[in-house]
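Data block below; observations after.
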Amino acid sequence: MVWGGALMSEPLLEQLIDSLRCLPGVGPKSAQRMAYQLLQRNREGGLRLSDMLRFAMERIGHCQKCRNFTEADICRVCADTSREQTKLCIVESPPDMAALEKATDYRGMYFVLHGKLSPLDGIGPEQLGLEALCERFDSGVITEIILATNSTVEGEATAHYIGELARTRNLSVMRIAHGVPLGGELEYVDGGTLSHAFAGRTPV
Amino acid sequence: MTAARVNLQPAYVIHTRAFRDTSLIVEVFTPEFGRMSLLARGAKSGKAKKSLILQPFRMLQVSWTGRGELPLLSAVEEAGSFIRLQGMALACGYYINELIYYLVPRYEPAAHLFARYWPVLEWINTEDQRDIALRLFEFTLLEQIGYAPQLDHDIETGLPIDTDKTYRYRIPEGPVLAELAGKSGVEIGGQTLIDLQAGDYANPATARQVRDLMRSLVHFHLDGRELLSRSLFSSFSKLDPQAR
């Protein structure tokens with residue numbers, strides 16, 4: 001369905017608007033605005049966008065080691081030999097990895113799951129496809145696992161599952177801490193977080 | 001259908017899924033409205049992030065406005081404690097949530113089952129005879145949705161159950177004397193049927209037969225759908241045999 005109905009019957013324009021709707025949060029109205037903007041004011045930008053989209057969609061794949069997005073076989077992080085090869089941090093998605101890289105001084109390796117265990121979404125251990133991860137566990141290079149999945153129920157389930165996989169291989173397994181956010185006031189922190197924070201108290 | 005405005009209804013989150021950039025569609029289980037979906041607008045953004053407490057296995061109170069398929073969540077508060085399920089207990093918790101998600105009808109009062117939800121979570125978290133907790137919950141759930149298993153008489157002859165005889169439970173109707181039933185149904189002893197009526201699961205033979213019976217009944221009502229928490233359960237038990 002295209003906004004504007006009978007007035008707009010140019011097939012190519014309609015297809016453009018329809019294609020723009022594959023972007024998140026773009027409905028018929030915004031798609032129409034984007035299409036007109038590109039056609040009226042910024043054809044050059046539109047061409048650049050289309051080239052870039054084509055290049056990116058064709059060339060960007062998954063890193064063979066960490067499964068993050070990369071245009072090479074092995075991504076930059078994995079190819080960097082100065083990083084600690086023995087540590088492996090496991091995250092749910094590429095943005096999580098980017099956030100950790102930006103905020104922490106962690107200099108080990110990563111593995112991106114691209115998902116989490118969630119039975120009600122139809123994702124069980126088999127659907128998550130952990131063979132590549134098990135291969136890395138078995139490679140003998142890694143000695144320490146850091147589980148940096150989200151602190152949701154699904155994230156915890158995933159962490160537990162991978163933790164058990166690693167433990168059966170005698171690897172040291174760590175989970176990132178949960179607690180009161182920096183600058184947070186106890187009164188306004190929810191009960192669950194507070195009880196986690198209290199249980200995980202550390203010596204001063 | 002629901003009222004236009006409901007305040008502080010006790011609720012448990014069964015499942016959430018992302019909607020648009022910062023919103024969530026939350027599937028909740030409530031005593032007065034059974035299972036229902038709520039739209040939590042902007043739950044993942046803002047100062048008071050509702051998504052932080054819109055998590056399964058937490059006792060909540062929710063308020064919403066609007067009728068129709070997707071009322072708008074207007075407020076959510078913690079209403080009590082919080083259970084942190086891990087490993088096997090978590091797989092059991094997922095199983096319970098999956099049962100509710102697929103079997104409890106929308107907008108039908110389910111106070112009886114609701115009252116059993118938190119106790120069963122507390123029970124499975126203690127590691128002591130989790131299977132009994134699950135059986136009791138399955139039983140209550142079938143009762144709540146109007147499919148309580150028929151346990152007190154033979155459905156062919158109408159005679160009361162004899163403790164010394166063996167029966168076969170014809171899914172979903174009820175027990176039939178084994179010699180009259182042929183190969184159909186699930187084998188179950190008369191004593192087990194009596195124990196089940198009384199809610200007594202102490203006998204190990206009872207526990208096993210009841211598990212087979214409940215599994216078949218639940219499977220029947222799921223209409224062929226496979227529960228993924230079962231595979232989660234079996235992979236957890238493979239990884240950690242002591243956890244059972």
Side-chain angles (χ1 to χ4, degrees), chain A residues 23-27 30 92-93 95 115-128 130 134 137 147 150-169 173 175 178-181 183-185 187-200, chain B residues 13-23 27 47-60 76-91 93-102 225-241 243:
Chain A
L23 291 166
V26 176
S30 352
E92 282 179 25
S93 66
K116 59 198 169 189
L117 288 181
S118 176
L120 281 164
D121 290 314
I123 302 170
E126 286 143 43
Q127 286 75 14
L128 207 50
L130 295 174
C134 290
F137 284 174
L147 293 164
N150 289 340
S151 182
T152 57
V153 172
E154 289 96 352
E156 290 292 333
T158 315
H160 180 86
Y161 184 74
I162 296 172
E164 290 299 324
L165 282 177
R167 224 169 314 217
T168 53
R169 292 164 168 83
V173 184
R175 178 84 172 102
H178 317 288
V180 181
E185 292 168 53
E187 190 186 347
Y188 299 105
V189 172
D190 72 292
T193 309
L194 204 52
S195 79
H196 259 296
F198 203 78
Chain B
V13 171
I14 300 300
H15 183 57
T16 57
R17 59 179 192 274
F19 180 70
R20 301 236 174 109
D21 283 349
T22 58
S23 300
E27 195 78 12
K47 218 173 177 188
K49 277 194 183 174
K50 287 180 193 157
S51 65
L52 286 182
I53 58 172
L54 285 170
Q55 290 280 325
F57 315 125
R58 302 187 77 150
M59 214 184 255
L60 301 176
V76 52
E77 279 176 41
E78 285 175 277
S81 45
F82 154 90
I83 293 186
R84 192 176 179 209
L85 299 172
Q86 286 205 298
M88 283 307 233
L90 183 56
Y94 269 138
Y95 175 67
I96 288 167
N97 278 3
E98 252 187 326
L99 286 181
I100 292 174
Y101 189 76
Y102 293 121
R225 185 186 290 279
E226 288 296 327
L227 295 181
L228 263 170
S229 49
R230 284 228 179 96
S231 72
L232 194 63
F233 197 82
S234 53
S235 19
F236 275 156
S237 54
K238 241 183 278 166
L239 285 170
D240 187 7

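None of these values were measured; they are calculated from a predicted model. Order of the sequence lines sets the chain letters (A, B, ...), proteins ahead of strands, with each chain counted from 1.
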With a 4.5 angstrom heavy-atom cut-off, is it the side chain or the backbone of [X] that approaches chain B, or both, or neither?
X: A:E154; result: both
X: A:L165; result: both
X: A:S195; result: side chain

(message) I'd like to verify something: which residue of A:D190, A:L117, A:D121, A:L120 has the highest number of heavy-atom pairs under 4.5 Å with chain B?
(response)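 Max contact count across the listed options: A:L120.
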(message) At a 4.5 Å cut-off on heavy atoms, which part of B:E98 comes close to chain A: side chain, backbone, both, or neither?
(response)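 Answer is both: backbone and side chain atoms of B:E98 are under 4.5 Å from chain A.
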(message) If I measure from the heavy atoms of chain A, does B:R58 come under 4.5 Å with its side chain, its backbone, both, or neither?
(response)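 Side chain only.
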Would you compute the distance between atom [atom1] of [X] and atom [atom2] of [Y] and round it to the nearest 0.5 angstrom?
X: A:H178; Y: B:R84; atom1: NE2; atom2: CZ; value: 5.5 Å
X: A:E126; Y: B:S235; atom1: CD; atom2: OG; value: 7.0 Å
X: A:E156; Y: B:L90; atom1: CD; atom2: CG; value: 8.5 Å

(message) Please determine whether the number of non-hydrogen atoms from other residues, nucleotides or ligands lying under 6.0 Å from atom CZ of B:R20 exceeds 12.
(response)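 No, CZ of B:R20 has 12 or fewer neighbouring heavy atoms, counting only those of other groups under 6.0 Å.
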(request) Could you check which of B:Y102, B:Y101, B:F57, B:Y94 has the highest count of heavy-atom pairs closer than 4.5 Å to chain A? (result)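 Top count of heavy-atom pairs under 4.5 Å with chain A: B:Y94.
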For [X] versus [Y], what's the shortest heavy-atom pair and its separation?
X: A:P125; Y: B:S231; result: CD-OG, 4.2 Å
X: B:H15; Y: A:S118; result: CE1-OG, 4.1 Å
X: A:P119; Y: B:L232; result: CG-CD2, 4.1 Å

(message) Contact between A:V153 and B:L85 at the side-chain level, heavy atoms closer than 4.5 Å - yes or no?
(response)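 No, side chains not in contact.
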